[in-house]
Trainee: 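Encoded as structure tokens, here's the structure I'll be asking about.
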Number of protein chains: 2
Amino acid sequence: MGREKYLGEFEFLVIAALLRLGKNAYGVSVRSEIKKRTGRQVSFGAVYTTLDRLESKSLVRSRSGEATPSRGGRPKKHFEVTARGVDAMKRTLESVQSMVDGIDTAWNLP
Amino acid sequence: MGREKYLGEFEFLVIAALLRLGKNAYGVSVRSEIKKRTGRQVSFGAVYTTLDRLESKSLVRSRSGEATPSRGGRPKKHFEVTARGVDAMKRTLESVQSMVDGIDTAWNLP
DNA sequence: AGTATTAATTCTACAATGTAGAATATATCC
DNA sequence: GGATATATTCTACATTGTAGAATTAATACT
């Protein structure tokens with residue numbers, strides 16, 4: 001049995017973005033989704049590096065190349081979350097929630 | 001304005017543990033609280049290193065030395081979360097939740 | 001064909017955080 | 001003082017976070 005791993009803070013956001021974006025998930029859209037929802041500023045480098053690392057850990061998978069992008073530019077590289085990726089996300093979210101449960105209301109945390 | 005920072009995954013757990021433990025928060029109890037609630041295995045090194053780093057970022061504060069520990073052993077070093085620490089926690093939790101919101105039910109994540 | 005324009009990804013580099021385990025310190029008791 | 005108990009500090013390295021410049025690939029235009 002491989003030791004259970006947990007997602008880093010940013011890795012978590014990236015995987016969540018992939019899940020929400022579904023079919024339309026690729027570097028640029030992941031970045032804007034995170035910016036849009038969290039309001040935080042995110043560099044391309046951060047996103048692509050993280051996507052690569054997640055892929056080499058098999059938490060994410062990519063299918064490259066797009067048929068015909070009607071307008072110029074490099075082809076997109078689409079990503080999707082693997083089953084293992086979803087598991088890692090669940091595990092991570094579970095530990096966060098088990099620790100936060102209770103104090104959230106006491107300290108009126110979100 | 002200093003750029004908004006976010007807590008790392010483990011830093012988050014440690015701060016949460018401090019909040020729950022209140023008056024009784026110190027290295028050893030933080031470790032066991034995290035183990036107990038999340039079921040994950042946690043080394044002392046991880047906890048103390050993180051606590052130190054959080055302190056140097058002023059997200060946490062420590063008051064050292066205990067009056068009379070009725071039974072032998074080195075004195076405890078107690079920790080508490082600063083206002084900035086609570087803020088960082090809120091910010092971090094907010095971005096996690098804003099990204100997870102919606103998919104949690106769709107993917108039956110915790 | 002050659003060049004400009006657009007869209008997106010890859011590379012490079014370094015900072016911050018995660019993690020373990022041995023070593024060390026401090027206190028009590030006999 | 002030596003044994004025992006309790007807790008923290010140190011050392012070292014692996015993984016994750018983050019930014020921005022450079023590069024690649026495609027289309028459109030002249």
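Per chain, numbering begins at 1; letters A, B, ... match sequence-line order.
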Trainee: In whole angstrom, what separates A/Glu4's CD from D/dT15's P?
Mentor: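 Distance check: A/Glu4 CD to D/dT15 P gives 17 Å.
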Trainee: The side chain of B/Thr49 lies closest to which of these nucleotides: C/dT17, C/dT19, D/dA19?
Mentor: C/dT19
Trainee: Over how many whole Å does the gap from A/Arg74 atom CZ to D/dA26 atom P extend?
Mentor: 9 Å
Trainee: Strictly below 4.0 Å: does A/Lys57 bring a side-chain N or O up to OP1 or OP2 of D/dT16?
Mentor: yes
Trainee: Under 4.0 Å between a side-chain N/O of B/Lys77 and OP1 or OP2 of D/dT9, yes or no?
Mentor: yes
Trainee: Tell me the interatomic distance from A/Glu9, atom CD, to C/dT17, atom C1', rounded to whole angstroms.
Mentor: 12 Å
Trainee: For B/Arg53 and B/Gly27, find the nucleotide of DNA chain D closest to each by heavy atoms; which residue's nucleotide sits nearer the 5' end?
Mentor: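 Its nearest nucleotide lies further toward 5', so the answer is B/Gly27.
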Trainee: If I take atom CG in residue B/Asp52 and atom P in nucleotide C/dT17, what distance separates them, rounded to the nearest angstrom?
Mentor: 13 Å
Trainee: For A/Leu7 and A/Val14: C-alpha separation, side-chain torsions, deciding distance, then whether side chain to side chain contact (heavy atoms under 4.5 Å, CB included) applies.
Mentor: CA-CA 10 Å; A/Leu7 299 174; A/Val14 168; over 6 Å; no
Trainee: May I have the distance from A/Lys76 (atom NZ) to C/dT6 (atom C1'), rounded to whole angstrom?
Mentor: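 So the two atoms are 13 Å apart, to the nearest Å.
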Trainee: Give the rounded distance in Å between these two atoms: CG of B/Leu7 and P of D/dT16.
Mentor: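 The answer, rounded to whole Å, is 18 Å.
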Trainee: Would you say the side chain of A/Met89 lies within less than 4.5 Å of the side chain of B/Trp107, judging by non-hydrogen atoms?
Mentor: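 Sidechains of A/Met89 and B/Trp107: no contact.
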Trainee: Among C/dA16, D/dT16, D/dA7, which nucleotide sits nearest the side chain of A/Lys5?
Mentor: D/dT16
Trainee: I need the CG-C1' distance between B/Leu54 and C/dA16, as an integer number of Å.
Mentor: 12 Å
Trainee: Go through it in stages, so that I can follow the logic: the residues are A/Lys5 and A/Glu11, the test is salt bridge (Lys or Arg N to Asp or Glu O under 4.0 Å), and I'd like the CA-CA distance, side-chain angles, deciding distance and then a yes or no.
Mentor: CA-CA 12 Å; A/Lys5 294 301 301 305; A/Glu11 290 182 319; over 6 Å; no
Trainee: First locate atom CE of B/Met99, then atom CD of A/Glu33, and finally report the distance between them rounded to the nearest 0.5 Å.
Mentor: 5.5 Å
Trainee: Separation of A/Phe10 atom CZ from D/dT15 atom P, in whole Å?
Mentor: 20 Å
Trainee: Using heavy-atom distances to pick each residue's nearest nucleotide on DNA chain C, tell me which of B/Glu11 and A/Phe79 is more 5'.
Mentor: A/Phe79
Trainee: Counting any heavy atom closer than 4.0 Å, what does A/Gly45 reach on the DNA or RNA strands: base, sugar-phosphate only, or nothing?
Mentor: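 Since a base atom lies under 4.0 Å of A/Gly45, the category is base.
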Trainee: Give a yes/no answer on whether the side chain of A/Gln41 brings an N or O atom under 4.0 Å of OP1 or OP2 in D/dA19.
Mentor: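 Affirmative; the distance criterion is met.
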Trainee: State, yes or no, whether a side-chain contact exists between A/Phe79 and A/Leu21 at a heavy-atom distance under 4.5 Å.
Mentor: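 A side-chain contact under 4.5 Å is absent here.
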